[in-house]
Amino acid sequence: MIKISFPDGAVKEYETGITPFEIAKSISEGLAKKTLAASVNGKVQDANRPLYLDAELKLLTWNDDDGKSTFWHSSAHLMAEAVESLFPGVKFWVGPPTQNPPGFYYDMDLGDRQITEEDLRRLESKMSELARKNETYTRKEIPKAEAVQYFTEKGDEYKLDLLKNLQDGEISFYTQGDFTDLCRGPHIPNTSFIKAIKLTSIAGAYWKGDENNKQLTRIYGVTFPSQKELDDYLLMLEEAKKRDHRKLGKELGIFTMDDDVGPGLVLWMPNGTVIIEELEKLAKDTEMAAGYKRVVTPHIAKENLYITSGHLPYYQDSMYPPMELDGVKYYLKAMNCPHHHKIFSAEPRSYKDLPLRLAEYGTCYRYEQSGELFGLMRVRCLHMNDAHIYCSKEQFAQEFKAVNDMYLKYFKIFGIDKYIMRLSLHDPEKLGQKYINEPELWIETENLVRQVMIENKIPFVEVKGEGAFYGPKIDVQIWSAIGREFTLATNQVDFAQGRRFNLEFTTRNNETETPLIIHRAPLGTHERFIGFLLEHYAGKFPVWLAPLQVKVLPISDRYLDYAQTVLQYLKNADIRTEVDDRNEKIGKKIRDTEIARVPYMLVVGEKEMNDGMVSVRRQGKGDLGLFKVSDLIDKVRKEINDRSSEINERESINIPTHSTP
RNA sequence: GCCGUUGUAGCUCAGUGGUAGAGCACUUCCUUGGUAAGGAAGAGGUCGUGAGUUCAAUUCUCAUCAACGGCUCCA
């Protein structure tokens, strides 16, 4: 007998060799039907795998992340079985479950065969058919030699490649029905758990993620234990689509793009420009208070500047090709820093000038690969909330911390509560290619940043190979309301450019020293930030950001004059206001204004005109009642001045649709 | 850049080897209406672009551009 302890503290005795699935069954048939896998002493394994020792057991169901992962992993195997039966000779690479998007994929080499949407439907039917066969996922431990032989006979070089890195004794095969795969598991008990199947897309994926390798075919899918859950999921995707910044941006007249202008080049429409100006105002106010000075620099510069900065050797692929004038090459700037460095070096600097903080909403051009462009999130002309802080080593920690504080201040204003700070480090193997070849300085600076983060108790994760070419950085990852994850803000240390530009200041002891440079962009770029805000607020911008803040809706044209009077009062109070003077009924005017997400609607008719009042309606909330015009102005002005945002307006959708790991 | 899909009116989408339709939006007129769609009429597209096949191409073929879903890369 063995002793099994459960999460609720209960301990029960069972026969040696019993499986978690059997234990579930002994508790209740219903539980057995839901048990996908088991956590044994914290390790996830098959519910069918016998237990021979005392253990802590947790039965994993659909409600556990590990249960879901196991379910999707087994679904990937089921899909592979279907693919193999429809397309014999296919060779498989790997087929893991994914969190974001939820589901799984399998990478495979289909030879010359191309897979189509119709094939996906056929595969879905095949998968359902196979699932109904109620095949058990059977685990078998295999000696390495035997495994190698199996895949050699099958002619599957991909699995052989996987085997290369595995030791004898840790190799297992899983079989369900006619399909056997090299796999460490775990898997669900049998295929009948998989009730609802949707293969979502076909994509190319480089073998081992390396673009120099062959491209395999990747099929994405998602499965559920019931049809209802699949339907709910598809419904949520529809909801998420409505909140897509590309759709909202068009509907609300925020931005547009045009073939004749070029891919990735955003045309900001009047409504979008209002938002840009409000954001810049916020940045200017904040930076002014934090001791920054504003500068303005040109969009282009001579080649030599970028040779000095190091951009050409390390960043050239991301820059537009140069234009040549009188034998001199000029580049569009991809970064503002070199220009700012030249402002630093334009005058002799002393320690008394430091820290010198130069800020600019700089316009940068980056020749992103065509396949990378994505709405406002990834563009080729961007406006960066940029600044460079030149400081001494002693000042560094405080300055770096102050930048972090600025992020947090902004996040509070925008109600951003889900984010991760990511310490991005260099990859020693890519020194000299992707990173400036200064191994000691890299380590030293990385330690410097790590220390600031630890001392200030700011939680962060570390990622190798994500640093800028000139130094480590803190990137802030955020999620939009529909689950898109991306880097918003960045706070970078630069130990390289100062020396490359011969930047110097005179110390207290009359010696010369090179400053450290902090590159920072708390609001990222206008493009990405507004793209984020559109999804974050579902287009319902807080009043201070709303392109149109108030719309006056006269009941009929008899009250147009009064509406115009109200409009003047609001305009005089610097509130963005318009009158809806169309020949429409009030219901229609309200509907259109609601859809345009204008925060305040003022209905004016006979009684409002007689009493000098307005009937106030708040977008999404309905009628707020009668207000004196001056009271309404005070209310709206306060909301604007406080930059307040109503959190309850941004109920988020939890199903993620897109992610960068 | 690579793999795949798509490209018809401002938007959402039908449709066809014989040079195109719907709803919404837009314009005009009627209606002067009290908190999410009043009525009528009208205007709008050489069907992404270029070539090829054909008596004839928006439809078939090829190329190209762009968008979308991924891969790779990044704010």
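What's counted below: heavy atoms across the whole structure, side chains too, no hydrogens, waters or symmetry copies. Reminder, nothing fancy here: chain letters follow the sequence lines and each chain counts from 1.
Looking at heavy-atom distances under 4.0 Å, Y105(A) makes no contact with the nucleic acid at all. Residue contacts shown for E368(A) include a base, since a base heavy atom lies under 4.0 Å away. Contacts of K247(A) with the nucleic acid, taken as non-hydrogen atoms under 4.0 Å apart, are absent. Within the 4.0 angstrom heavy-atom criterion, base atoms lie near E606(A). Within 4.0 Å of R366(A), counting heavy atoms only, lies at least one base atom of the nucleic acid. Nucleic acid contact for T525(A): base, since at least one base atom lies under 4.0 Å from a heavy atom of the residue. Nucleic acid contact for G587(A): sugar-phosphate only, since backbone atoms but no base atoms lie under 4.0 Å from a heavy atom of the residue. Looking at heavy-atom distances under 4.0 Å, D259(A) makes contact with sugar-phosphate atoms alone, never a base. Nucleic acid contact for I115(A): none, since no nucleic acid atom lies under 4.0 Å from a heavy atom of the residue.
Side chains of R294(A) and Y292(A): a donor-acceptor N/O pair is absent below 3.5 angstrom, by distance only. Checked by atom type, the side-chain pair Q492(A)/Y470(A) shows a donor-acceptor distance below 3.5 Å.
The cationic atom of R380(A) (NZ for Lys, CZ for Arg) lies less than 6.0 Å from the six-membered ring centre of Y367(A) and within 45° of the ring axis.
Taking only side-chain atoms of I586(A), from C-beta outward, the nucleotide of rG34(B), rC71(B), rC2(B) with the closest atom is rG34(B). Of the candidates rU32(B), rG69(B), rC74(B), the closest approach to any side-chain atom of D557(A) belongs to rU32(B). Listed nucleotides: rA36(B), rA75(B), rU35(B). Nearest to the side chain of I595(A): rA36(B). Considering only the side chain of R591(A), rA36(B) comes nearest among rA75(B), rU32(B), rA36(B).
The phosphate of rC3(B) has neither OP1 nor OP2 within less than 4.0 Å of any side-chain N or O from T217(A). In this structure, K473(A) reaches the rA75(B) phosphate: one of its side-chain N or O atoms is under 4.0 Å from OP1 or OP2. Phosphate contact (OP1/OP2 of rG38(B), side-chain N/O of K588(A), threshold under 4.0 Å): absent.
The separation between Y559(A) atom OH and rU35(B) atom C1' is 15 Å, rounded to whole Å. As rounded to whole Å, 19 Å separates atom P of rA75(B) from atom OH of Y365(A). Computed from coordinates, the D475(A) CG to rC73(B) P distance equals 15 Å when rounded to whole Å. Between H245(A) atom NE2 and rA75(B) atom P there is a gap of 17 Å when expressed in whole angstrom units. Distance CG (L216(A)) to C1' (rC3(B)): 10 Å, rounded to an integer number of Å. The distance from atom CG of D119(A) to atom P of rC3(B) is 19 Å, rounded to the nearest whole Å.
For rA9(B), there is no paired nucleotide, since no Watson-Crick or G-U wobble pair has both relevant distances below 3.5 Å. Checking rU64(B) for Watson-Crick or G-U wobble geometry (two distances, each under 3.5 Å) identifies rG48(B) as its partner. Pairing for rG34(B) is absent, judged as Watson-Crick or G-U wobble with the two contacts each under 3.5 Å. Figure legend. rG18(B) is base-paired to rC55(B); pairs are counted as Watson-Crick or G-U wobble with both atom distances under 3.5 Å.
Along RNA chain B, the nucleotide nearest to G622(A) and the one nearest to D210(A) differ in position, and the one closer to the 5' end is contacted by G622(A).
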Please test Y600(A) against Q549(A) for side-chain hydrogen bond (donor to acceptor under 3.5 Å, both in side chains), starting from the C-alpha separation and ending with a verdict. CA-CA 6 Å; Y600(A) 282 100; Q549(A) 294 166 320; over 6 Å; no

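For the pair H245(A) and F255(A), the tightest heavy-atom approach, listed with the atom from each and the gap, is O-CE2, 3.8 Å.
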